[in-house]
Enquirer: 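One structure, as structure tokens, below. Some questions next.
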Amino acid sequence: MKKLVIFAIAMLSMSFVACNPNKANDAQTSEETSAVAATTDSAAQDTAFAALLKSNVGKTALDAKLLDNEAFTARVKALAGAEYDSIVANFNTQTPIVSENGIYKLAGGRAHSVPAFNTTIIYDANKDNLNIQIEKSGKTNVLKEKEEIKMTDALKSK
């Protein structure tokens, strides 16, 4: 019974504190509000990116309309930078989206000349990490958000 009374008093005092907020903690600055909104938007885009790939396994980028999707293009464009336009222009011959253990892969290359320009997009949903491998005439450039994603031989061969 004594514990119940102490618990009730503690709950009442907590509700009193909650009803009388401290003015110093009452308002967030616009900077803090913007930072929270940006974090929320980024998390929503990351979730949309993963869901987009997951729901389109087996389809090509063209079939899935990836290059028309805001979440997809914003993230790829942010990582690819100046290379983005070249990637899109040469994303003609496409492979379907494949996955293994939360890692998604799709590729596209120059029509009738894939070895001259080939792009492989790899996304690790477990670590929310995106890589873009751009192969131009035998030279490979790997663009990484965080770290290089290691693909299994099985995923490479899909």
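Treat the numbers as computed from the prediction; the structure is a model and nothing was measured. Throughout, residue positions are numbered sequentially from 1 according to the sequence presented.
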Enquirer: Mind checking what makes side chain to side chain contact (heavy atoms under 4.5 Å, CB included) contact with Asn129, not counting sequence neighbours?
Expert: Asp124, Lys127, Asn131, Glu145, Lys146, Glu147, Ile149
Enquirer: What distance do Thr119 atom OG1 and Ile87 atom CD1 have between them, rounded to the nearest 0.5 Å?
Expert: 4.5 Å
Enquirer: Ignoring hydrogens and angles, tell me if any N or O in the side chain of Gln94 forms a donor-acceptor pair with the backbone of Gly108 under 3.5 Å.
Expert: no
Enquirer: Is the shortest heavy-atom distance from the side chain of Gln133 to the side chain of Asn141 under 4.5 Å?
Expert: no
Enquirer: Do you know which two heavy atoms are closest between Val57 and Ser99, and how far apart they sit?
Expert: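 Distance-wise, the nearest heavy atoms are CG2-OG, 4.1 Å.
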Enquirer: Kindly say whether Asp63 contributes a backbone atom to a donor-acceptor pair with the side chain of Thr60 at under 3.5 angstrom?
Expert: yes
Enquirer: Hydrophobic cluster membership, with links at side-chain heavy-atom distances under 4.5 Å among I/L/V/M/F/W/Y: are Leu67 and Leu130 in one?
Expert: yes
Enquirer: With sequence neighbours excluded, tell me which residues meet side chain to side chain donor-acceptor pair (under 3.5 Å) with Glu148.
Expert: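 Applying side chain to side chain donor-acceptor pair (under 3.5 Å) to Glu148 gives none.
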Enquirer: Working to the nearest 0.5 angstrom, can you tell me the gap between Asn126 CG and Ile103 CD1?
Expert: 7.0 Å
Enquirer: Minimum heavy-atom separation for Tyr104 and Ala125, please, with both atom names.
Expert: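 Smallest heavy-atom distance, with atoms named: CE1-CB, 4.0 Å.
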Enquirer: Distance check, rounded to the nearest 0.5 Å: Ser137 atom OG versus Asn118 atom CG?
Expert: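 Rounded to the nearest 0.5 Å, the OG-CG separation comes to 11.5 Å.
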Enquirer: Do Thr140 side-chain atoms and Glu135 backbone N/O form a donor-acceptor pair below 3.5 Å?
Expert: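 Absent.
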Enquirer: So how far is it from Lys59 NZ to Lys65 NZ, rounded to the nearest 0.5 Å?
Expert: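 Reported to 0.5 Å precision, the distance equals 8.5 Å.
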Enquirer: Are Val114 and Ile122 connected into the same hydrophobic cluster when the rule is that any two of I, L, V, M, F, W, Y join if their side-chain heavy atoms are below 4.5 Å apart?
Expert: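 Each belongs to a different hydrophobic cluster.
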Enquirer: Test of understanding: with side chain to side chain donor-acceptor pair (under 3.5 Å), list the residues that count as partners of Lys156, not counting sequence neighbours.
Expert: none
Enquirer: Counting neighbours of CG on Asn101 that are heavy atoms of other residues, nucleotides or ligands and sit closer than 6.0 Å, is the number greater than 12?
Expert: no
Enquirer: Please report the shortest heavy-atom distance between Ala48 and Ala71, naming the atom on each side.
Expert: CB-CB, 3.9 Å
Enquirer: Counting C-beta onward and ignoring hydrogens, is there a side-chain heavy-atom pair between Asn69 and Phe49 closer than 4.5 Å?
Expert: no
Enquirer: Under the salt bridge (charged side-chain N to carboxylate O under 4.0 Å, His left out) rule, what pairs show up with a residue in residues 76-103, not counting sequence neighbours?
Expert: Glu83-Lys136
Enquirer: Evaluate side chain to side chain contact (heavy atoms under 4.5 Å, CB included) for Thr152 paired with Leu155, printing each intermediate quantity in order.
Expert: CA-CA 5 Å; Thr152 63; Leu155 187 58; 3.5 Å; yes
Enquirer: Suppose the criterion is salt bridge (charged side-chain N to carboxylate O under 4.0 Å, His left out): which pairs have a residue in residues 103-113, not counting sequence neighbours?
Expert: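 Checked against salt bridge (charged side-chain N to carboxylate O under 4.0 Å, His left out) - neighbours excluded - no pair reaches residues 103-113.
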Enquirer: Any chance you could measure Tyr123, atom OH, to Arg75, atom CZ, to the nearest 0.5 Å?
Expert: 4.5 Å
Enquirer: If the condition is ring-ring contact (aromatic ring centres under 6.0 Å, His included), which residues does Phe117 pass it with, not counting sequence neighbours?
Expert: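 Partners of Phe117 by the ring-ring contact (aromatic ring centres under 6.0 Å, His included) criterion come out as none, since no residue qualifies.
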Enquirer: Among Val98, Thr120, Leu66, whose side-chain contact (heavy atoms from CB on, under 4.5 Å) with Leu106 holds?
Expert: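 Among the candidates, only Leu66 passes.
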Enquirer: Within a strict 4.5 Å, meaning less than it, do heavy atoms of the Val142 and Ile132 side chains meet?
Expert: no
Enquirer: Looking at CG of Leu79 and CG of Leu143, how far apart are the two atoms once the value is rounded to the nearest 0.5 Å?
Expert: 5.0 Å
